[in-house]
Amino acid sequence: MLLRMLHSVTRSQKYEDGIKWKFLEHKGPYFPPEYQPLPDNVKFFYDGKAVKLSLAAEEVALFFAQMLDHEYTTKEVFRNNFLKDWRKEMTLEERMLITDLNKCDFGELHAMHKQKVEARKNLSKEEKQINKEANQKILEEFGYCMLDHHRERIGNFKIEPPGLFRGRGDHPKQGMLKKRIQPEDVIINCSRNSHIPEPPTGHKWKEVRHDNTVTWLASWTENVQGSCKYVMLNANSKLKGEKDWEKYEVARKLKSCVDAIRSQYQEDLKSKQMGTRQRAVALYFIDKLALRAGNEKEEGETADTVGCCSLRVEHITLHDALDGETCVVEFDFLGKDCIRYYNKVPVSKRVFKNLKLFMENKQEGDDLFDRLNTNMLNKHLTSLMPGLTAKVFRTYNASITLQQQLKGLTSDNVAEKLLSYNRANRAVAVLCNHQRAPPKTFEQSMASLQAKIESRKEQLELAKKELKLAKKEAKGSSDSKLLKKTVQRCEEQLLKMEVQATDREENKQIALSTSKLNYLDPRISVAWCKNMEVPLDKVYNKTLRDKFAWAIDMTEPDFVF
DNA sequence: GATACTACTTAGAATTATTAAA
DNA sequence: TTTAATAATTCTAAGTAGTATC
């Protein structure tokens, strides 16, 4: 694998163009269990009266009941969408009766669900072991496929169970019913000469095809957004690994021509063509601020989020002067997953002047870059460097930032080294705007760590005093030697905890995992660990070590991104 | 060149497993 | 041994970007 990779620096395909495999065999996806009807003693009430629902309506009612503790169920849009879709599952009679969600009492259903969760938690060790083994068996049977003589782990071999759609942010479709997928909805993709997967008894597949220009094993169309879902390989598979490696090689190639590209867009800021100037400013944002490309989206189908090319005039505010700086652009918009991007950035006079011009005679709702879209931008980028698209800048800037931040760090303590690594990782996460909701128990866990630090400090003081005393009495006695060790151990533990506290505080709202998993060339981290004599598993968990096996194999300590 | 469709990567939340503390 | 905290893993939504179709 390594040799083949080295031989084809940017094209890892071992087959002719577009062919992804020669042989693919699998068991098909695993379907979730059938709906289990409610026991007779658990009742749904409408307008104070018990109502026995039909099976289909009951199942959907339970989806809602299970979510009652969630904020979603308080939202107007969610409730309306739910009621509308729920009524579609009802019998005529039920539909006549149930018209107002506020008159629905899901209390007993909700209680039953909570009880079930609790019961599962309280299962005995043996029972849990039995469940575990059963899951293992399912994984063994459905979780793997044969792809070109290799047994590969499948990423998502389980069909998504039915439920209520949970969009992010203000999603217009939140609360809609996500329907149960039947084998009749599923397309199977595999080799003609493989053992074709059997559909569950009494069912047929929608289609069995043999398309080796794609990597998916099965697909179905999801009913809420009408988009396609795929069963694909796990990240640790050869196919995914090669693609990942290729991604980082393209980003490294950008490193060698980024200076030229930057000069070019600086030059383009002066262009007579409005379109060219817009492209230049957009590229400047993408490069400097690591913004996403920003494809257009269908209005009203999803939450209102934007990326670079889809920014609207209301998303930026121009300040001739702000906080002692001139030409400041204030960004405030919702990006992917409705994560807010807020930033105040001083820019060059030329960029600023262009932005003012782009905003002229426009009103709220108008595109900032009205002469530009992601397609045009990427066409331009690909002409500057093969394989270059907007998202490569994120990969490049993330990885180069990590490498720079890690340079010249010195410490002999592993905990301190790890803090430095996490800080470098954090710089990248900030750049890419990878945020998370602060953990629910954050304040509490911070306080308990602080308390531990205090008690350890006291312990250390005490140990120090005792040592002093012991030294006075008899130099070099076994007693004082022992105490010396205690003091040392205390100091180490204290340092470790203090470092941990700093790390955690700084990490409150920042998610490190996304950049680690998707943006940072793993060879930088592997080489750093080797150079700094930090065990790799301090930085990468099992999943990451698996995913980045290719990098762990090939990286020498002198690797430079 | 608009736009619909397809295939794939990237994303944070939710769930589950593991470890540490009580 | 039990419980609570933390870490790992799973889940699936939401992006990017290429191609097909008009």
Side-chain angles (χ1 to χ4, degrees), chain A residues 18 20 67 70-72 117 120-122 125 128 131-132 135 139 143 155-161 163 165-169 171 173-174 178 187 189 211 213-216 219 221-222 224-235 239-240 243-244 247 292-298 301-303 305-310 334-339 373-379 381-382 387-392 394-395 398 429 432-437 439-442 444-446 448-449 452 500 504 509-519 537 540-547:
Chain A
K20 306 290 169 57
M67 285 183 76
H70 206 288
E71 204 200 336
Y72 270 121
V117 170
R120 195 150 29 118
K121 219 170 63 186
N122 293 333
K125 232 179 185 172
K128 279 185 181 165
N131 283 342
K132 207 172 162 184
N135 284 330
L139 175 69
N156 56 329
F157 61 91
K158 288 179 178 164
I159 295 274
E160 294 172 18
F165 177 74
R166 297 150 96 116
R168 305 279 171 87
H171 196 115
K173 298 195 172 187
Q174 64 187 99
K178 194 170 110 166
I187 303 173
N189 192 34
D211 183 355
T213 68
V214 296
T215 65
W216 54 269
S219 72
T221 302
E222 159 271 340
V224 175
Q225 321 225 53
S227 64
C228 212
K229 299 266 188 171
Y230 300 93
V231 171
M232 289 199 190
L233 294 177
N234 189 277
L239 208 63
K240 292 271 190 194
K243 196 84 188 297
D244 207 35
K247 174 180 82 183
R292 295 188 184 82
N295 285 321
E296 297 117 295
K297 338 200 289 178
E298 219 177 327
E301 294 293 298
T302 61
T305 61
V306 296
C308 185
C309 293
S310 50
L334 296 181
K336 182 177 179 179
D337 291 310
C338 287
I339 298 295
N373 61 39
T374 53
N375 209 306
M376 296 156 75
L377 180 67
N378 282 335
K379 280 242 171 74
L381 289 174
T382 309
L388 186 61
T389 60
K391 85 185 187 97
V392 179
R394 262 167 89 82
T395 312
C432 294
N433 201 36
H434 291 145
Q435 299 187 30
R436 60 166 185 177
K440 284 200 178 75
T441 54
F442 185 83
Q444 194 186 329
S445 92
M446 223 40 218
S448 85
L449 184 58
K452 266 199 285 186
Q500 195 187 7
R504 196 181 294 177
Q509 297 198 69
I510 297 172
L512 300 185
S513 55
T514 303
S515 49
K516 223 184 222 186
L517 193 63
N518 300 300
Y519 288 103
D537 61 3
Y540 283 163
N541 63 33
K542 170 86 165 53
T543 308
L544 288 166
R545 291 199 301 277
D546 254 13
K547 166 166 179 169

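In what follows, chains are A, B, ... by sequence order, proteins preceding strands, each numbered from 1.
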Considering every strand and a 4.0 Å limit on heavy-atom distances, what is the contact class for T305(A): base, sugar-phosphate, or nothing? sugar-phosphate
Residues at least two apart in sequence or cross-chain that pass ring pair (Phe, Tyr, Trp, His ring centres under 6.0 Å) with Y519(A), listed by chain then number, are H434(A)
Mind checking if K125(A) touches a base, just sugar-phosphate, or nothing, with heavy atoms under 4.0 Å? nothing
In chain order, what residues pass the side chain to side chain donor-acceptor pair (under 3.5 Å) check against D244(A), with sequence neighbours excluded? K247(A)
May I ask you to say what G307(A) touches in the nucleic acid, namely base, sugar-phosphate or nothing, with a heavy-atom cut-off under 4.0 Å? nothing
Applying a 4.0 Å non-hydrogen cut-off, can you work out what E296(A) is touching in the nucleic acid: base, sugar-phosphate, or nothing? nothing
If you count every heavy atom of other residues, nucleotides or ligands that lies below 6.0 Å from K128(A) atom NZ, does the total exceed 12? yes
Earliest and latest nucleotide of DNA chain C, 5' to 3', sitting under 4.0 Å from a non-hydrogen atom of chain A? dA5(C) to dG18(C)
Testing the basics here: between G169(A) and C338(A), what is the closest heavy-atom pair and its distance to 0.1 Å? CA-SG, 3.6 Å
Got a list of protein N/O to nucleotides 16-22 of chain B N/O distances below 3.5 Å?
{"residue": "dA21(B)", "atom": "OP1", "partner": "K452(A)", "partner atom": "NZ", "Å": "3.0"}

Would you kindly give the NZ-to-P distance between K229(A) and dC5(B), to the nearest whole Å? 17 Å
What residues form a salt bridge (charged side-chain N to carboxylate O under 4.0 Å, His left out) with K336(A), not counting sequence neighbours? none
Hits for salt bridge (charged side-chain N to carboxylate O under 4.0 Å, His left out) against K158(A), two or more places apart or cross-chain, chain-then-number order -> none
5'-most contact on DNA chain C: Y540(A) or A303(A), nearest heavy atom basis? Y540(A)
Checking R394(A) now: which residues fulfil salt bridge (charged side-chain N to carboxylate O under 4.0 Å, His left out) with it, not counting sequence neighbours? none
Spacing between N189(A) atom CG and dT6(B) atom P, to the nearest angstrom: 14 Å
Mind checking if R545(A) touches a base, just sugar-phosphate, or nothing, with heavy atoms under 4.0 Å? nothing
Can you sort out the partners of Y230(A) under ring pair (Phe, Tyr, Trp, His ring centres under 6.0 Å), two or more places apart, ordered by chain and number? W216(A)
Residues which pass side chain to side chain donor-acceptor pair (under 3.5 Å) with N433(A), listed by chain and number, not counting sequence neighbours: Q435(A)
Taking NZ from K128(A) and C1' from dT15(B), how many angstroms apart are they, rounded to a whole number? 13 Å
Scan nucleotides 8-13 of chain B nucleotide by nucleotide, 5' to 3', and note B when protein non-hydrogen atoms come under 4.0 Å of the base, S if they reach only the sugar-phosphate, - if neither. BSBSBS
Residue set satisfying side chain to side chain donor-acceptor pair (under 3.5 Å) with D337(A), at least two apart, ordered chain then number -> R168(A)
Identify whether any heavy atom of N541(A) sits under 4.0 Å from a base atom; if not, whether one sits that close to sugar-phosphate; answer base, sugar-phosphate or nothing. sugar-phosphate
Quick one: salt bridge (charged side-chain N to carboxylate O under 4.0 Å, His left out) partners of K542(A), sequence neighbours excluded? D546(A)
